[in-house]
Amino acid sequence: MSELETKTRYDAAEAEPRILRRWLDSGLFHPDPEGTADENYSIAIPPPNVTGALHMGHALNGSIQDTLSRYQRSRGRRVKWILGTDHAGIATQKQVEKQVQAEGTTRKELGREAFVERVWQWREQYGNTIVGQLQRLGASADYDDERFTLDERYAQAVLKVFVDLYNKGLIYRDNRLVNWDPGSQSAISDLEVEEREVVDTLYYVDYKLADSNETITVATVRPETMLADTAIAVNPSDERYAHLIGKTAILPLVGRRLPIIADDYVKPEFGTGALKITPGHDPNDFEIGRRHGLDELTVIGEDGRLTADAGELFAGLSVKAAQEAVIAALREAGALSRTEEYPHVVPFSHRSGARIEPLISLQWFMRMDELAKPAIDAVKDGRVRIHPERWTKVYFDWMEKIHPWCVSRQLWWGHQIPVWYRGEETYVGMTAPEGDGWERDPDVLDTWFSSALWPFATLGWPEQTPELKAFYPTNVLSTARDILFLWVARMIMMGLEFAGDIPFQDVYIHSVIQAPDGRRMSKSLGTGIDPVGEIEQHGADGVRFGLLAMSSSQDVRYSAEKVQQGQQLTNKLWNASRLVLTRIDDDARAAARPRTVEDRWILSRLARTQKMVAECIETFDFSHAVLGLYDFIYGDLCDWYLELVKPRLYEADGGEKDDLAATLLYVLTETLQTAHPVIPFVTEEIWSHVPGSEGLLAARVAGAPGEVDEAAEQSVTAAIAAVQALRGWRDSVGAPAGARIPARIEAAGYDETATHVARLARVELVGAGDGAAGEPVAQVTIPGGVVNVFASDAVDLGAAERKLAERRKTLQAEISRSEGKLSNQGFVAKAPDEVVEAERAKLVALQAELASL
RNA sequence: GGGCGGUUAGCUCAGUUGGUAGAGCACUCGCCUUACAAGCGAGAGGUCGCCGGUUCAAGCCCGGCACCGCCCACCA
């Protein structure tokens, strides 16, 4: 009890680690795999990169998932929050490469085995900082059953999926144009490419015809790729070039003979209407080339330099240098007719930031259209629901025109593709084939290939484990929208295909938290705010509250004030609890035993709040849930109820005291329970001081909310309004704060609250027959009537009169507005009767008040 | 090029089925009232981006425009 008596401020930094320890030691977060997924509740965390540190997005998503998890635990459900990290192929490999380079060596010098070993070491050393940071946030994930996407069991699942898909004909190897990322020296998928606007130069290059003096001019932004040209294309309906179709042009600098072909793809109005075709280095040209059976030449290598096939003049040059050299040569040859600036969007690697180099390359692809169909149906028929709903359309749009997925990556860190080659032979299987001379495919799988299995591979699939039975499908997947296609859509496809069911019922797409100035939060821009620093400063509860309060169905800016608000709430709750707990007996026990109207009122307000919070959490409306909690705790509980019961709390005895203590404890306990999913630390801490409390609040199952009491609410709401009106009047007439002013309530509905109103407004109630009071000097309007205020030294009569005049003016304005409305025949005739009636009643009340002043 | 979101108080954001605008912070005034001065009480502050329409009534519904942001997209 002494801590409660002396600590006037809640000390989150002191309390939180202590409470976290108790939670972790309790085993509460590690449920036994019993029961079925229908009975239980589970969430699979979006696995953060092992290399990563907690950023604001993780902190928000962690707060959301933890609020859901703790809420469901309080409903008595067995809850498993599946935890783990992702090996994050490119990102991790890049980190370690950087480290290795700093030591003066390179990945290639080390060799594959040694390098991969280095990555594992690196992961051991730095890998799990984020898990500790999630704990700091209070995340009630299952730390005793952590997964990594390169775990042995997980890897087996990945290989099995690959082999099965291969056997079904959905995975195949093909020589196709891919997005080559010169930065990471690997192919990447379409989804890892971002378009950026750049200003290039459009070069007009003249190609001579083989058998005439004519020339045909093409426009290109990438003259260096002309070295791999294999045709020129024009639109078949373009009269300017009709006579050239079927003829042959000569490629400048190289001398190659190029057929002039007709293809509808060419836009006559763009450039010159003639297009050079480079199937080896342009996606559109690639398609045209395949249509016309053109050769596919390659002059740019995987290292981003020109190959020997580019000719000795250019071989070995970087793309940029080659462009300059080609332009110089064209200029010298007189083949460059003009140039112009040309702004357009071109692809860049989302991973390395390098400009994408389209290359023809032998890669593994996965056909998606067949898998997409059932995944579309799952959302269409509501088995999977996406919130906010507008994202379902985005999901459908992408899924309905889905393209093959390039799944191989030229990296070392990841799941090595389970394919072996020997001469012309190919073997696909989970283990190496029998016999000598087999060589395994050196490539690894796209990280997202393994992530796509996350909800079931974490639970032991393909074994039919008790975990799988108890927790698959999961209930909710909470994530930011940027990985809707990259991850969420693919999980739905893979879940349906391999685990035989949807991977989750609800997808919640949360806000992206931007920097306070509206820019993206990013380390490189210097706009990031470290959630761990915020936790240290304001407590995990404050940060959780703040993030949830900020979040909505759209992007929001980081609001330090909301975090501050959360921190203040924890302090308020702490102090309110001190007031209650230091003044009731140790043998008091929580029970709703209302004796007064304010008791019935707070129980009603509490019940309302409990229902509201539950509904908001279940519909993913977190900001309203937490702000509603704030209003209840700050407003109803602290500002009013505790102030209303203070006299009883100090002075009552016997049964009255016992009932009050029981009711206060009930209200406090239920408040703690309701707020716990949002602010778990402070509520757990206070719970430990509640007399008779057993075990952890985090493990406590909530009872059903009580009933709403409309009559009590009406009565106390009026009392509150009366107090506020009287306080406002006092202030306006300059009454000293301590002065008690004689007054008489002339209004119905205050039988039970009159003494409260008088005390909180600091007025002295005088009886109706008390002639000594004389004539009232002022009237203060309150719900249902007025309060007559009598002369007192504390009242500045001039100020009182000014106040009255002001009120008259307001009333007159309102009356004329109301009269105008009611004399409008349209309103009276067409508005619903109840609206018209309410307006009439209001007018009568206004007129009565004006007449009384 | 297509699509989606946004534009409400100085700042960050709420505004449920259309019925005379709310919160937090900041600001002003008054209070060390025995839970909390990182507190308590009171107050000031808004032509709801612009134009038009529907309606008795529009922040909310419809059409158009402007600006900001995001996603998708194979015009050299």
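In the text below, chain A, chain B and the rest are named by the order of the sequence lines, each starting its count at 1.
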In whole Å, what separates the P atom of B/G22 from that of B/G59? 14 Å
With a 4.0 Å cut-off on heavy atoms, is A/Y204 in touch with a base, just the backbone sugar-phosphate, or nothing at all? nothing
Taking only side-chain N and O atoms of A/Q514, does any of them lie within less than 4.0 angstrom of OP1 or OP2 on B/G69? no
Rounded distance in Å between the C1' positions of B/C75 and B/C70: 24 Å
Give one of base, sugar-phosphate or nothing for A/V394, where a contact means two heavy atoms less than 4.0 Å apart. nothing
Side chain of A/Y630: nearest nucleotide among B/C56, B/G24, B/C72? B/G24
Regarding A/Q724, tell me which of base, sugar-phosphate or nothing describes its non-hydrogen contacts under 4.0 Å with the strands shown. sugar-phosphate
Please state the C1' separation for the pair B/G41 and B/G46 - nearest whole angstrom. 25 Å
Taking atom C1' in both B/G6 and B/C48, what distance in whole Å separates the two? 14 Å
Any idea which of B/U34, B/C31, B/C25 is nearest the A/Q568 side chain? B/C25
Qualifying residue for ring pair (Phe, Tyr, Trp, His ring centres under 6.0 Å) with A/H387, from A/F620, A/F622, A/Y508: A/F620
OP1 or OP2 of B/A14 sitting under 4.0 Å from any side-chain N/O of A/H624? no
Roughly how many Å is it from CG in A/L573 to C1' in B/A38, rounded to a whole number? 16 Å
CD (A/E340) with more than 12 external heavy atoms under 6.0 Å: yes
If you check every side-chain atom of A/R390, which of B/C75, B/G5, B/A35 has the closest atom? B/G5
What's the closest nucleotide to the A/N575 side chain, out of B/A35, B/A73, B/C72? B/A35
Any side-chain N or O of A/K646 below 4.0 angstrom from OP1/OP2 of B/A35? yes
Base, sugar-phosphate alone, or nothing: which one does A/R222 contact when heavy atoms must sit under 4.0 Å apart? nothing
Indicate, with a heavy-atom threshold strictly under 4.0 Å, whether A/Y342 touches base, sugar-phosphate, or nothing. sugar-phosphate
OP1 or OP2 of B/A35 less than 4.0 angstrom from a side-chain nitrogen or oxygen of A/Y650, does that happen here? yes
Pairwise P distance, B/A66 and B/C50 [rounded to whole Å]: 16 Å
Check the pair A/V690 / A/L672 against side-chain contact (heavy atoms from CB on, under 4.5 Å), numbers first and verdict last. CA-CA 10 Å; A/V690 170; A/L672 295 175; 4.2 Å; yes
Using the P atom as the point on both nucleotides, what is the distance between B/U7 and B/G15, in whole Å? 10 Å
Between A/H403 and A/D190, is there a side-chain donor-acceptor contact under 3.5 Å, judged purely by atom types and distance? no
Taking the side chain of A/Q554 as heavy atoms from C-beta outward, which of B/U34, B/A14, B/C72 is closest to it? B/A14
What nucleotide among B/C36, B/C56, B/C75 has an atom nearest to a side-chain atom of A/K830? B/C56
Taking the C1' atom in each of B/G18 and B/A38, what is the distance between them to the nearest angstrom? 42 Å
Indicate whether OP1 or OP2 belonging to B/U12 is found under 4.0 Å from a side-chain N or O atom of A/R557. yes
If you check every side-chain atom of A/K572, which of B/A35, B/A38, B/C75 has the closest atom? B/A35
Under 4.0 angstrom, heavy atoms only, what part of the nucleic acid is A/E194 near: base, sugar-phosphate, or nothing? nothing
If the cut-off is 4.0 Å, is A/K393 near the phosphate of B/C71, judged by side-chain N/O to OP1 or OP2? no
Residue-phosphate contact under 4.0 Å: A/R762 side-chain N/O, B/U33 OP1/OP2: no
Parallel, tilted or perpendicular: which fits the ring planes of A/W574 and A/H689, with parallel below 30° and perpendicular above 60°? perpendicular
Which part of the nucleic acid, if any, lies within reach of A/R481 when heavy atoms closer than 4.0 Å are counted: base, sugar-phosphate only, or nothing? sugar-phosphate
If you count every heavy atom of other residues, nucleotides or ligands that lies below 6.0 Å from A/E269 atom CD, does the total exceed 12? yes
So what does A/P832 touch, heavy atoms closer than 4.0 Å: a base, only the sugar-phosphate, or nothing? base
Can you tell me the distance, in whole Å, between the CD atom of A/E5 and the P atom of B/A35? 12 Å
Ignoring backbone atoms, establish whether A/S577 has a side-chain N or O less than 4.0 Å from OP1 or OP2 of B/A35. no
Choose from B/G6, B/U20, B/U34 the nucleotide whose nearest atom is closest to any side-chain atom of A/K842. B/U20
Can you tell me how far P in B/A23 sits from the matching atom in B/A42, rounded to whole Å? 12 Å
Is the number of heavy atoms from other residues, nucleotides or ligands within 6.0 Å of CG (A/D517) greater than 12? yes
Can you identify which nucleotide, out of B/A23, B/C40, B/A35, has its nearest atom closest to the A/K562 side chain? B/A23
Nearest-nucleotide wise, let me know which of A/E269 and A/R578 is further upstream toward the 5' end of RNA chain B. A/R578
Starting the side chain at C-beta, find the nucleotide from B/G41, B/G19, B/A76 nearest to A/F827. B/G19
Give one of base, sugar-phosphate or nothing for A/V512, where a contact means two heavy atoms less than 4.0 Å apart. nothing
Which residue lies toward the 5' end of RNA chain B, A/A274 or A/N571, if each is placed at its nearest nucleotide? A/N571
Would you indicate what A/D639 reaches in the nucleic acid, counting non-hydrogen atoms under 4.0 angstrom: base, sugar-phosphate, or nothing? sugar-phosphate
Look at the rings of A/Y342 and A/F270 and say which category their plane angle falls in: under 30° parallel, 30 to 60° tilted, over 60° perpendicular. perpendicular
